[in-house]
Amino acid sequence: MAYAEREGLDFIRAIVAEDLRAGKYETIVTRFPPEPNGYLHIGHAKAILLSYGIAAETGGRFNLRFDDTNPETEDVHYVQSITDSVRWLGADFGDEPLFAADYFGQMYDFAEYLVRQGLAYVDSSTDEEIREARGTVTEPGRPTRYRDRPVEENLDLFRRMRAGEFPDGAHVLRAKIDLASKNMLLRDPLIYRIRHAHHYRTGDAWCIYPLYDYAHPVEDAIEGITHSLCSLEFDNNRAVYDWVIDHWQDYVRGQGGTPARPHQYEFARGELEYTITSKRKSLQLVKGGYVSGWDDPRMATLAGLRRRGVTPEALRNFWDRMGVAKFNSRIDIGKLEFAIRDDLNTRAPRVLCVLRPLKVTITNYPEGQTEELDAPFWPHDVPKEGSRPLPFSRTVYIDRDDFMEMPSKGFHRLSPGAEVRLRYAYVIRCDHVVKDDDGQIMELRCSYDPATRGGGTPDGRQVKGTIQWVSAEHGIPCEVRLYDRLFTVPDPEAEEGDFKDHLNPDSLVVVQGAVIEPGVRDDAPGSRYQFERVGYFCSDVVESRPDALVFNRTVTLRDAWARAAEKGAAGSGPKPEKKPKAERAASEAPKPRSKAPAPDVQRSPELEARRARYAGELGLPAEEADLLSRELATSELFEAALAVGAPAKAVANWVIHELPREQGGRTTENLPFSGRELGELAALVEDGTVSVTGARQVLAEMVKNGGEPRDLVASLGLQQVSDPGALAPIVDQVLAANPAKADEYRAGKTGLLGFFVGQVMRQSGGNANPALVSQLVQERLGG
RNA sequence: UGCCCCCUGGUGUAAAGGCAGCACAGCGGUCUUUGGAACCGUUAGUGGAGGUUCGAAUCCUCCGGGGGCAACCA
């Protein structure tokens, strides 16, 4: 992955690339922090692969850290399965996983520090009291009567909590942040609670346990994590994360250390159509016997996928192709299937297996004769070597689906009187259909063409169909498990009622009595194959044995014939309508308004008066008057800028449209320049001294370091060039350098105007008059 | 209901204010001893309305839609 260029990188990798470029970190450290209370699923794979991938690509480190701060739900059994899955995926986390529980001592010490700093307090309210005092989304919270406890009392109580003097729930430790915050999570979050519970790792050493919002940032800081990646729903938690980290830094510095400064970034978790990932619901499937266990090949768990025959590489490629963004979606299951096929195509040797055997007697093949045909394991386009001898005899099995007594149009396999090729063997013709008394087809009597040994047709005749077969005498019976999607609807959890109502009754079809070529008998458990024309399979690691082979279908082959047949079938129409991405089209879309309505903004009388003056006396549009008078700081800035003398409209544009872009995270109050400078900048644009493009560069510099606009224009060399005589040569040069594009433009691709203007602007160092350039380009190109 | 995040073809995504591109799916074709694979071609998109700008998917505003937050879970 090219970190030198950020183009094409997902937004998180772009941030990492930028941090690396800026020298913010020497090495990138990421982590995957599962709670050991369940199995990993395919969505976790995305998170693991993202964090691990970034570390690997940048030569950094990746930690697997168990976030085991809740003794009541966690178990060492999950530690094992999660560790196995992460290793299987190929995410290298060093020798051993890490455990949050190992940091309990440091977390406790830091908590005492917070107490001593007056940043945390022991609240002895009941949980209902705390919840009630927290307020609601529309009302601020209120302090409980313990919020202003003296530091010494807090410290004493906290130490006694830790010493085990109190029962569960008697007290909690809370961070003292802001009870009135619009962000509910900042309303004095709980950071420690009392739980006299046995912890799978620390035993009974602790009876107080830290909560997520406190524990997680501390864990990250202790490990020196640089980029802490998590899913979107933790967005609101980032404010607490940063609060904790900020104080952690003070704490560590106070001890003479140099603290790490991790940052949290959120991305959309990966969800897949036709699967569920909820721990609770998955457990229902397991407990209720709907599946055989957490590693049932139909489960979206990594254990299940693995048993189904999916490789880690397929998963890696899949998630790589999916990318990373901030939009929650459910991914088309077909994309996963593609990635699996794409991977297995070059990985799985081809073998012959007949799922539903139909006996074929080759009447002109000598009774008792056997011969061995050489059959390659790989098709011509897979660059791998190897073949095996395939025994052929007078009686073979073919799949019942490959014979049609009354062939439909376009069917080119076997039917009465027709020819088909037995893969790697001979061309046969069906002479006679043998039926039982009920009319069931029992056997086909065919003749073979000895000249076609190996499958070729020396006479050049066309044999369109080629089918798989197995010698009856040599083939070995086996069980084949055909797995399909577990649910019949793309989003089972979103459906009304019980998600189990949407279980696919055909998600597992067990085929007994299939017959496979003998060569596979002693292959290792878990071996993967393509059963030619059928699909990708692997032998089941748990239940397959040489004398009782069991194969799991990983994925079917893409099947153009089946698709065409389905399409031709009576009125089957387009496939089940997909749920629109978002029911966005409120089709009776109402009221296009010419002017956006001013929202209800509570304004002080003073600001209200200003709004009226901006709209009236200054003649600004209502929307701009509204925007300028919402906050005092903005209004003050505007007024000061106005005093310089530039037109109100121009000044308003800079305050409303240009400043926010450059402002970044800074608040208007904290800008290193005042309204006067902004007004002067606007004036410089008005009198043509600098172009808007150039002025934006000046503004960016002003936001960063302050300064006088006029001086900056000079020092940055941004005096606008509006002389056609000076610009024309550059325009001509750009046009001459891109003759093909010029032709395209003349042919009607007018979108290229922006390209040409952009090129000229770049070559002129950003100080050409863009309107003039645009005009020049259009003149030259006959626009 | 307050705050926060998000919205690009059917699907997943790219484009740091300057050519809307890639992949899957679809459709059509070539090739083929797998109705597989590969290859070629092709359909289709910036939620809406305003604004800023020479130029907007990108910046501003409003509207619409999706998601998150009022656990002593993570």
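Every value quoted in this text rests on a predicted model; they were computed, and no experiment measured them. A note on names: the letters A, B, ... follow the listed sequences, proteins ahead of strands, and every chain is numbered from 1. Hydrogens, waters and symmetry mates play no part in the numbers below; they use all other heavy atoms, side chains included.
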message = Between A/Asp374 and A/Arg453, does any side-chain N to carboxylate O distance fall below 4.0 Å?
response = no
query = With sugar-phosphate meaning primed atoms plus P, OP1 and OP2, does A/Thr136 contact a base, only sugar-phosphate, or nothing at under 4.0 Å between heavy atoms?
reply = base
Inter-residue atom distance A/Ile12.CD1 - A/Glu266.CD, 0.5 Å rounding = 8.5 Å
ask   = Just to confirm, is there a sub-4.0 Å distance from OP1 or OP2 of B/G55 to any side-chain nitrogen or oxygen of A/Ser774?
value = no
remark   = Of the candidates B/A71, B/C54, B/C69, the side chain of A/Met184 sits closest to B/C69
query = Does a nitrogen or oxygen in the side chain of A/Arg630 sit under 4.0 Å from OP1 or OP2 of B/U61?
reply = no
ask   = Please give, in whole Å, the distance from B/G68 C1' to A/Lys326 NZ?
value = 12 Å
request  = For A/Thr750, report the nucleic acid contact type (base, sugar-phosphate, nothing); a contact means any heavy atom under 4.0 Å.
outcome  = nothing
message = Mind checking if A/Gly323 touches a base, just sugar-phosphate, or nothing, with heavy atoms under 4.0 Å?
response = nothing
query = Choosing from B/A74, B/C19, B/C60, which nucleotide comes nearest the side chain of A/Phe234?
reply = B/A74
request  = Measure the distance from CH2 on A/Trp319 to C1' on B/G12 and round it to the nearest whole Å.
outcome  = 10 Å
ask   = Counting distance only, does the side-chain N/O of A/Arg187 pair as donor-acceptor with the main-chain N or O of A/Thr136 below 3.5 Å?
value = yes
inquiry  = Whether the side chain of A/Gln468 and the base of B/U34 hold a donor-acceptor pair under 3.5 Å is what I'd like checked.
reply    = no
ask   = Given the side-chain rings of A/Phe537 and A/Tyr529, with only the six-membered ring counted for Trp, is the space between their centroids under 6.0 Å?
value = no
request  = Measure from CZ on A/Phe537 to C1' on B/G36 and round the result to the nearest Å.
outcome  = 13 Å
inquiry  = Would you compute the distance between atom CH2 of A/Trp469 and atom CG of A/Leu390 and round it to the nearest 0.5 angstrom?
reply    = 4.0 Å
message = Once hydrogens and angles are ignored, does a donor-acceptor distance under 3.5 Å link the base of B/G17 to the side chain of A/Arg696?
response = yes
key: C1' atoms of B/C19 and B/U58, separation to the nearest Å   = 15 Å
ask   = Rounded to whole angstrom units, what separation is found between the CG atom of A/Leu659 and the P atom of B/U53?
value = 15 Å
ask   = Which one, B/C72, B/G18, B/U13, comes nearest to the side chain of A/Met761?
value = B/G18
query = Could you give the CD-to-P distance, from A/Glu493 to B/G66, as a whole number of Å?
reply = 18 Å
message = In terms of relative ring orientation, are A/Tyr745 and A/Phe756 parallel, tilted or perpendicular, with 30° and 60° separating the classes?
response = perpendicular
query = Looking across every strand, which nucleic acid part, if any, lies under 4.0 Å from A/Gly410 by heavy atom: base, sugar-phosphate, or nothing?
reply = base
task = Report the nucleotide, chosen from B/U1, B/C54, B/C4, that has the shortest atom-to-atom distance to any side-chain atom of A/Val137.
result = B/U1
query = Does A/Gly758 or A/Thr126 map to a spot on RNA chain B nearer the 5' end, using the closest nucleotide for each?
reply = A/Gly758
inquiry  = By a 5.5 angstrom centroid cut-off and a 30 degree plane limit, is there stacking between A/Phe755 and B/G18?
reply    = no
Just the table, please: protein N/O against nucleotides 22-24 of chain B N/O, every pair under 3.5 Å.
unit_1 : atom_1 : unit_2   : atom_2 : d
B/C24  : O2     : A/Lys335 : NZ     : 3.2

message = What's the closest nucleotide to the side chain of A/Asp127 if the choices are B/U61, B/A37, B/C72?
response = B/C72
task = Write down the distance between CE (A/Met322) and P (B/A14), rounded to a whole number of angstrom.
result = 12 Å
request  = Would you mind classifying the nucleic acid contact of A/Ile656 as base, sugar-phosphate or nothing, using non-hydrogen atoms under 4.0 angstrom?
outcome  = sugar-phosphate
task = Quickly work out the A/Arg142 CZ to B/A70 P distance and round it to whole Å.
result = 18 Å
inquiry  = Over all strands shown, is A/Ser231 touching base, sugar-phosphate only, or nothing at heavy-atom distances under 4.0 angstrom?
reply    = nothing
ask   = A/Ala771 or A/Ile467: which one's nearest nucleotide on RNA chain B is closer to the 5' end?
value = A/Ile467
task = Check every strand shown and say whether A/Asp559 touches a base, only sugar-phosphate, or nothing at a heavy-atom separation below 4.0 Å.
result = sugar-phosphate
message = Under a 4.0 Å threshold between the charged nitrogen and the carboxylate oxygen, would A/Arg21 count as salt-bridged to A/Glu18?
response = yes
request  = Would you kindly say whether A/Asp220 and A/Tyr241 are connected by a side-chain donor-acceptor distance under 3.5 Å?
outcome  = yes
task = Would you mind classifying the nucleic acid contact of A/Tyr424 as base, sugar-phosphate or nothing, using non-hydrogen atoms under 4.0 angstrom?
result = base
key: Donor-acceptor pair, side chain of A/Asn738 and main chain of A/Val734, under 3.5 angstrom   = yes
key: Pair A/Glu132 + A/Arg142: basic N to acidic O under 4.0 Å   = yes
key: Phosphate contact (B/C3 OP1 or OP2) by A/Asn236 side-chain N/O below 4.0 Å   = no
message = Heavy atoms only, 4.0 Å cut-off, all strands: where does A/Arg423 land among base, sugar-phosphate and nothing?
response = base
message = Taking atom types as they are modelled, would you say the side chain of A/Ser691 forms a donor-acceptor pair with the base of B/C54 within the 3.5 Å cutoff?
response = no
inquiry  = Once hydrogens and angles are ignored, does a donor-acceptor distance under 3.5 Å link the base of B/G35 to the side chain of A/Arg413?
reply    = yes
message = So if I take every side-chain heavy atom of A/Asp381 and compare against B/U52, B/A38, B/G35, which nucleotide ends up nearest?
response = B/A38
task = For A/Arg195, answer base if it contacts any base atom (sugar-phosphate contacts may also be present), sugar-phosphate if it contacts only those atoms, and nothing otherwise; contact means non-hydrogen atoms under 4.0 Å.
result = base
ask   = In which ranges does RNA chain B form stems of 3 or more consecutive Watson-Crick or G-U pairs, distances under 3.5 Å?
value = B:2-7 with B:64-69, B:10-13 with B:21-24, B:26-30 with B:38-42, B:47-51 with B:59-63
key: For atom CG of A/Leu628 and atom P of B/G51, their distance in whole Å   = 17 Å
message = Can you see if the side chain of A/Arg238 gets near the phosphate of B/C3 - specifically, an N or O under 4.0 Å from OP1 or OP2?
response = no
message = Please classify the nucleic acid contact of A/Gly456 as base, sugar-phosphate, or nothing, using heavy-atom distances under 4.0 Å.
response = base
query = Nearest of B/C72, B/U61, B/G2 to any side-chain atom of A/Thr138?
reply = B/G2
Sugar-phosphate, base or nothing in reach of A/Glu658, heavy atoms under 4.0 Å = sugar-phosphate
key: Candidates A/Asp559, A/Asp402, A/Asp399 - the one meeting salt bridge (charged side-chain N to carboxylate O under 4.0 Å, His left out) with A/Arg533   = A/Asp402
message = Students often get this wrong, so: under 4.0 angstrom with heavy atoms, is A/Asn328 touching a base, only sugar-phosphate, or nothing?
response = sugar-phosphate
inquiry  = Can you tell me if A/His412 is stacked onto the base of B/G35, using a 5.5 Å centroid cut-off and an angle below 30°?
reply    = yes
message = Under 6.0 Å from the ring centre and within 45 degrees of the ring axis: does the NZ or CZ of A/Lys326 meet both conditions for the six-membered ring of A/Phe267?
response = no
inquiry  = What's A/Thr69 touching, base or sugar-phosphate or nothing? Going by heavy atoms closer than 4.0 Å.
reply    = sugar-phosphate
ask   = From the list B/G35, B/U13, B/U34, which nucleotide is the closest neighbour of the side chain of A/Pro379?
value = B/U34
message = Would you call the rings of A/His44 and A/Phe32 parallel, tilted or perpendicular, taking 30° and 60° as the class edges?
response = perpendicular
ask   = Aromatic ring centroids of A/Tyr192 and A/Tyr209 under 6.0 Å?
value = no
